[in-house]
Amino acid sequence: QVQLVESGGGLVQAGGSLRLSCAASGRTFTNGVMGWFRQAPGKEREFVAVFSYSGGRTYYADSVKGRFTISRDNAKNTVYLQMNSLAPEDTAVYYCAASKGVVGMGYYTPPSSYDYWGQGTQVTVSS
């Protein structure tokens, strides 16, 4: 059984930083993608960042580009999201997601491209 477990969320002041972790178990992800989404109250789940094991590419939403960095530790089967210069509009529940197989570049952003999801971790940024 595949499980994705997020951690690292919390309350931080604007301008601060947090690092989220997503530990995967039950499967080693080596040829698909692992990414992060977020969902604020009353809004749809939106794409944040993705790491593609096929070619080692990363891709970011425009809203986080230059502030967030996604990385992975293959040995730990874990993906991280380093979030810097946080702003109140970054407040959301952050979800880790992973695909079973290869996902083309044009399909990174839809949630439907991902097969596995974590339970989410709350990030709150105060002004």
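Because the structure is predicted, anything quoted here is derived from the model rather than measured.
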Under 6.0 Å from the NZ atom of Lys43, do we count more than 12 heavy atoms belonging to anything else shown?
-> no
Cation-pi, Phe37 ring and Arg45 (6.0 angstrom, 45 degrees) = no
Nearest heavy-atom contact between Thr91 and Val125 is OG1-N, 2.9 Å
Linking I/L/V/M/F/W/Y whenever their side-chain heavy atoms sit closer than 4.5 Å, directly or via other members, would Tyr80 and Leu86 fall into one cluster?
-> no
How many angstroms lie between CE in Met34 and CZ in Arg72, if you round to the nearest 0.5 Å?
-> 11.5 Å
Side-chain (Glu6) to main-chain (Gln119) donor-acceptor, under 3.5 angstrom | yes
Does Val103 reach the side chain of Val50, with side-chain heavy atoms less than 4.5 Å apart?
-> no
Distance col, row Thr69:OG1 vs Arg19:CZ, nearest 0.5 angstrom, shows 11.5 Å
Please state whether the rings of Tyr94 and Phe68 are parallel, tilted or perpendicular, taking 30° and 60° as the class boundaries.
-> tilted
Check Arg38 against Ser63 and note the closest heavy-atom contact, atom names and distance.
-> NH2-OG, 3.5 Å
Quick one: does Ser99's side chain have a donor or acceptor within less than 3.5 Å of a partner on Val33's backbone?
-> yes
With hydrophobic residues grouped by side-chain heavy-atom distances under 4.5 Å, do Leu81 and Val12 end up in a single group?
-> yes
Nearest heavy atoms of Ser127 and Pro88, plus distance in Å = CB-CG, 3.8 Å
Report yes if the side chains of Val48 and Met83 come closer than 4.5 Å at any heavy-atom pair, otherwise no.
-> no
Thr109 OG1 to Glu46 CD distance, which is reported to the nearest 0.5 Å = 11.0 Å
Around atom OH of Tyr116, are there more than 12 heavy atoms of other residues, nucleotides or ligands at under 6.0 Å?
-> yes
Can you check whether Arg27's main-chain N or O pairs, donor with acceptor, with Asn77's side chain at less than 3.5 Å?
-> yes
Atom pair CD (Gln39) and CD (Glu44), whose distance is rounded to the nearest 0.5 Å = 8.5 Å
About how many Å separate OH of Tyr114 and OH of Tyr107, when rounded to the nearest 0.5 Å?
-> 13.5 Å
Would you say Ile70 and Leu18 are hydrophobically clustered, going by side-chain heavy atoms of ILVMFWY under 4.5 Å?
-> yes
Ser113 side, atom OG; Lys100 side, atom NZ - distance, nearest 0.5 Å = 13.5 Å
What are the two closest non-hydrogen atoms of Ser85 and Ser17, and how far apart are they?
-> N-OG, 4.3 Å
Given the options Tyr59, Phe51, Tyr60, Tyr108 meets side chain to side chain contact (heavy atoms under 4.5 Å, CB included) only with Tyr59
What are the two closest heavy atoms between Trp117 and Pro111, and how far apart are they?
-> CZ2-O, 3.5 Å
What do the steps show when you test Asp115 against Val2 for side chain to side chain contact (heavy atoms under 4.5 Å, CB included), and what is the final call?
-> CA-CA 10 Å; Asp115 302 289; Val2 175; over 6 Å; no
Flag side-chain contact, heavy atom, 4.5 Å: Cys96 against Trp36 | yes
Closest heavy-atom contact between Cys22 and Leu4?
-> SG-CB, 3.9 Å
